Engineer: 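Sharing a structure here in structure tokens format.
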Amino acid sequence: MFVHFLRLMALAVIVILAEYGGIAAQEKDPLIPRVPVDQRAEVKKLTSPLSVTKDIIAEGKMLYEGKGTCLNCHGKSGKGDGPVGAVLNPAPRNLTNCEFQKERSDGELFWIIKNGSPGTAMISLVPGAVNEEEAWKVIAYVRSFCP
Ligand code: HEC
């Protein structure tokens, strides 16, 4: 009887931890493309209009941590561990995952910032938070996680 009670308590603690972010939600299939298949070929061809320099990367960092709001979810480190990110399901992408970065073209990163990922907290941030040029600067910064 007492053992049964202990088991129930242990289960309750696990559920509470999971609910309140003590056990963070998982990312959903980070390597599977998000751009719809009928647009993918076109989107993959998109390239940055900027030539990436140290200054562009520094501006991208300011935008990532500032009005782009990326750090709230993806974290200052980019690992997907921002204060808001901790309670999201699916969890924000770990942008420092270089296997993920290799799978995505710059155009796909741009597409997701512009269109968001339907059914997730990754909403469209262009033009609401940043304009297109600023989005490319943020991408230059994100790429610097995997030089
Ligand atoms: C409110 C939380 C939130 C904010 C703010 C946010 N993201 Fe996300 N982001 C997410 C979540 C959640 C996912 C995972 C979506 C999925 O699994 O499809 C994601 C996914 C991504 C991905 C991966 C898309 C892919 O192809 O798999 C990229 C890149 C990304 N975000 C970049 C950014 C950038 C850059 C910013 C800032 C301009 C930003 N995000 C702001 C929550 C957020």
Side-chain angles (χ1 to χ4, degrees), residues 8-147:
L8 269 179
M9 289 308 288
L11 191 67
V13 167
I14 288 167
V15 168
I16 289 164
L17 282 176
E19 284 290 322
Y20 293 99
I23 298 171
Q26 295 292 308
E27 273 183 278
K28 194 177 111 204
D29 307 324
L31 301 184
I32 292 177
R34 294 300 192 263
V35 176
V37 66
D38 58 320
Q39 295 175 51
R40 210 174 295 150
E42 210 45 46
V43 165
K44 281 193 174 197
K45 281 189 232 153
L46 259 183
T47 54
S48 176
L50 308 170
S51 45
V52 175
T53 61
K54 271 190 178 157
D55 286 348
I56 294 285
I57 293 171
E59 282 180 56
K61 181 180 196 303
M62 296 248 294
L63 292 161
Y64 178 98
E65 295 178 357
K67 69 176 182 169
T69 72
C70 319
L71 97 167
N72 292 333
C73 297
H74 293 279
K76 205 173 156 89
S77 67
K79 292 198 174 113
D81 57 357
V84 177
V87 297
L88 298 178
N89 190 4
R93 184 73 62 256
N94 172 3
L95 299 172
T96 69
N97 173 357
C98 299
E99 220 185 314
F100 157 76
Q101 285 220 24
K102 248 192 277 166
E103 283 295 317
R104 296 288 191 276
S105 67
D106 285 353
E108 286 178 284
L109 298 181
F110 183 79
W111 187 93
I112 202 87
I113 299 169
K114 189 161 178 181
N115 297 282
S117 179
T120 77
M122 182 66 206
I123 55 162
S124 158
L125 293 165
V126 176
V130 290
N131 64 32
E132 296 202 349
E133 187 179 291
E134 289 168 335
W136 284 114
K137 289 178 180 174
V138 173
I139 290 168
Y141 175 58
V142 167
R143 288 300 194 197
S144 76
F145 296 151
C146 292

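No hydrogens, no waters, no symmetry mates; every other heavy atom, side chains included, goes into these values. For reference, positions follow the sequence shown, starting with 1. Atoms within each ligand, like the ligands themselves, are counted from 1 in listed order. These numbers were taken from a predicted model, which means no experiment stands behind them.
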Engineer: Heavy atom to atom 18 (O) of ligand 1, shortest distance: which of Gln26, Arg34, Lys67, Arg93 holds it?
Structural biologist: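 Among Gln26, Arg34, Lys67, Arg93, the closest heavy atom to atom 18 (O) of ligand 1 belongs to Arg34.
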Engineer: Walk me through it: do Ile57 and Lys137 pass the test side chain to side chain contact (heavy atoms under 4.5 Å, CB included)?
Structural biologist: CA-CA 6 Å; Ile57 293 171; Lys137 289 178 180 174; over 6 Å; no
Engineer: Do any N/O/S atoms of Cys73 come under 2.8 Å of atom 8 (Fe) of ligand 1?
Structural biologist: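 No, Cys73 does not qualify, because none of its backbone or side-chain N, O or S atoms lies under 2.8 Å.
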Engineer: From Leu125 CG over to Asn131 CG, what is the distance, rounded to the nearest 0.5 angstrom?
Structural biologist: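 Interatomic distance, Leu125 CG to Asn131 CG, rounded to 0.5 Å: 12.5 Å.
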Engineer: So between Val35, Thr69, Leu71, Thr120, whose heavy atom ends up nearest atom 15 (C) of ligand 1?
Structural biologist: Thr120
Engineer: Which protein heavy atom lies closest to atom 11 (C) of ligand 1, and at what distance to 0.1 Å?
Structural biologist: Pro92 CA, 3.4 Å
Engineer: Find the distance between CG (Asp106) and CG (Leu50) and round it off to the nearest 0.5 Å.
Structural biologist: 10.5 Å
Engineer: Could you check atom 35 (C) of ligand 1 against the protein and tell me its nearest heavy-atom contact, residue, atom and distance included?
Structural biologist: Val138 CG1, 3.5 Å
Engineer: Show your working on side chain to side chain contact (heavy atoms under 4.5 Å, CB included) between Lys79 and Arg93 and close with a plain yes or no.
Structural biologist: CA-CA 7 Å; Lys79 292 198 174 113; Arg93 184 73 62 256; over 6 Å; no
Engineer: I want to know if ligand 1 touches Asn72 in the polar sense, i.e. an N/O pair below 3.5 angstrom.
Structural biologist: no
Engineer: Can Asp29 be said to touch ligand 1, with heavy atoms closer than 4.0 Å?
Structural biologist: no
Engineer: As an exercise, identify every atom of ligand 1 less than 4.0 angstrom from a heavy atom of Ile113.
Structural biologist: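 Heavy-atom distances to Ile113 below 4.0 Å select 35 (C).
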Engineer: Can you find a non-hydrogen atom of Glu108 under 4.0 Å from ligand 1?
Structural biologist: no
Engineer: Is there a heavy atom in Ala91 that sits closer than 4.0 Å to ligand 1?
Structural biologist: yes
Engineer: With heavy-atom distances below 4.0 Å as the criterion, list the atoms of ligand 1 near Arg104.
Structural biologist: 25 (C), 26 (O), 27 (O)
Engineer: With a 4.0 Å cut-off, would you call Glu108 and Arg34 a salt bridge?
Structural biologist: no
Engineer: Within ligand 1, which atoms have a heavy atom of Leu95 less than 4.0 Å away?
Structural biologist: 28 (C), 29 (C)
Engineer: Is any NZ, NE, NH1 or NH2 atom of the basic residue among Asp81 and Lys76 found under 4.0 Å from an Asp or Glu carboxylate oxygen of the other?
Structural biologist: no
Engineer: Pull out every atom of ligand 1 sitting under 4.0 Å from any heavy atom of Ala121, numbered as shown with elements.
Structural biologist: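 Within the 4.0 Å cut-off of Ala121, ligand 1 contributes 1 (C), 2 (C).
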Engineer: Does a donor on one side chain and an acceptor on the other come within less than 3.5 Å for Thr96 and Asn94?
Structural biologist: yes
Engineer: Under the criterion side chain to side chain contact (heavy atoms under 4.5 Å, CB included), I'd like the reasoning laid out for Val126 against Glu134: C-alpha separation, chi angles, the key distance, then a yes or no.
Structural biologist: CA-CA 9 Å; Val126 176; Glu134 289 168 335; over 6 Å; no
Engineer: By number and element, which atoms of ligand 1 are closer than 4.0 Å to a non-hydrogen atom of Ile112?
Structural biologist: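 Near Ile112, meaning under 4.0 Å from one of its heavy atoms, ligand 1 has 24 (C), 28 (C), 29 (C).
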Engineer: Relative to each other, are the rings of Trp136 and Phe110 parallel, tilted or perpendicular (30° and 60° limits)?
Structural biologist: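 Parallel, since the angle between the ring planes stays under 30°.
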Engineer: Counting backbone and side chain alike, does Met122 bring an N/O/S atom below 2.8 Å of atom 8 (Fe) of ligand 1?
Structural biologist: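 Looking at Met122, which is the residue asked about, there is an N, O or S atom under 2.8 Å from atom 8 (Fe) of ligand 1.
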Engineer: Using a 4.0 Å cut-off to any heavy atom of Gly68, which atoms of ligand 1 qualify?
Structural biologist: 37 (C), 38 (C)
Engineer: Does any N or O in the side chain of Glu133 come within less than 3.5 Å of the main-chain N or O of Pro49, such that one atom is a donor and the other an acceptor?
Structural biologist: no
Engineer: As an exercise, identify every atom of ligand 1 less than 4.0 angstrom from a heavy atom of Ser117.
Structural biologist: 15 (C), 16 (C), 18 (O)
Engineer: Considering only heavy atoms, does Ile139 approach ligand 1 within less than 4.0 Å through its side chain, its backbone, both, or neither?
Structural biologist: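 Near ligand 1, Ile139 shows nothing, with every heavy atom at 4.0 Å or more.
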Engineer: Check each of Thr69, Val138, Val130 against Tyr64 using the side chain to side chain contact (heavy atoms under 4.5 Å, CB included) test, and report the only one that passes.
Structural biologist: Val138
Engineer: Roughly how far, to the nearest 0.5 Å, is the CZ atom of Arg40 from the OG atom of Ser105?
Structural biologist: 10.5 Å
Engineer: Give the residue and atom name of whichever protein heavy atom lies nearest to atom 38 (C) of ligand 1, and the separation in Å to one decimal.
Structural biologist: Cys70 SG, 2.6 Å
Engineer: At the 4.0 Å heavy-atom cut-off, does Val130 count as touching ligand 1?
Structural biologist: no
Engineer: Under 4.0 Å, heavy-atom basis, I'd like to know which part of Phe100 is in contact with ligand 1: side chain, backbone, both or neither.
Structural biologist: side chain
Engineer: Does only the side chain of His74 get under 4.0 Å from ligand 1, or the backbone, or both, or neither? Count heavy atoms.
Structural biologist: side chain
Engineer: Within ligand 1, which atoms have a heavy atom of Leu109 less than 4.0 Å away?
Structural biologist: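 It comes down to these atoms of ligand 1: 29 (C).
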Engineer: Counting only heavy atoms not in Gln39, do more than 12 fall under 6.0 Å of its CD?
Structural biologist: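 Yes, the 6.0 Å shell around CD holds more than 12 heavy atoms from other groups.
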Engineer: So which of Leu88, Asn89, Asn97, Leu125 gets nearest to atom 41 (C) of ligand 1, if we judge by its closest heavy atom?
Structural biologist: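 Comparing heavy atoms across Leu88, Asn89, Asn97, Leu125, the nearest one to atom 41 (C) of ligand 1 lies in Leu125.
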Engineer: Kindly indicate, with the supporting measurements, whether the criterion side chain to side chain contact (heavy atoms under 4.5 Å, CB included) is fulfilled by Leu88 and Cys73.
Structural biologist: CA-CA 8 Å; Leu88 298 178; Cys73 297; 3.9 Å; yes
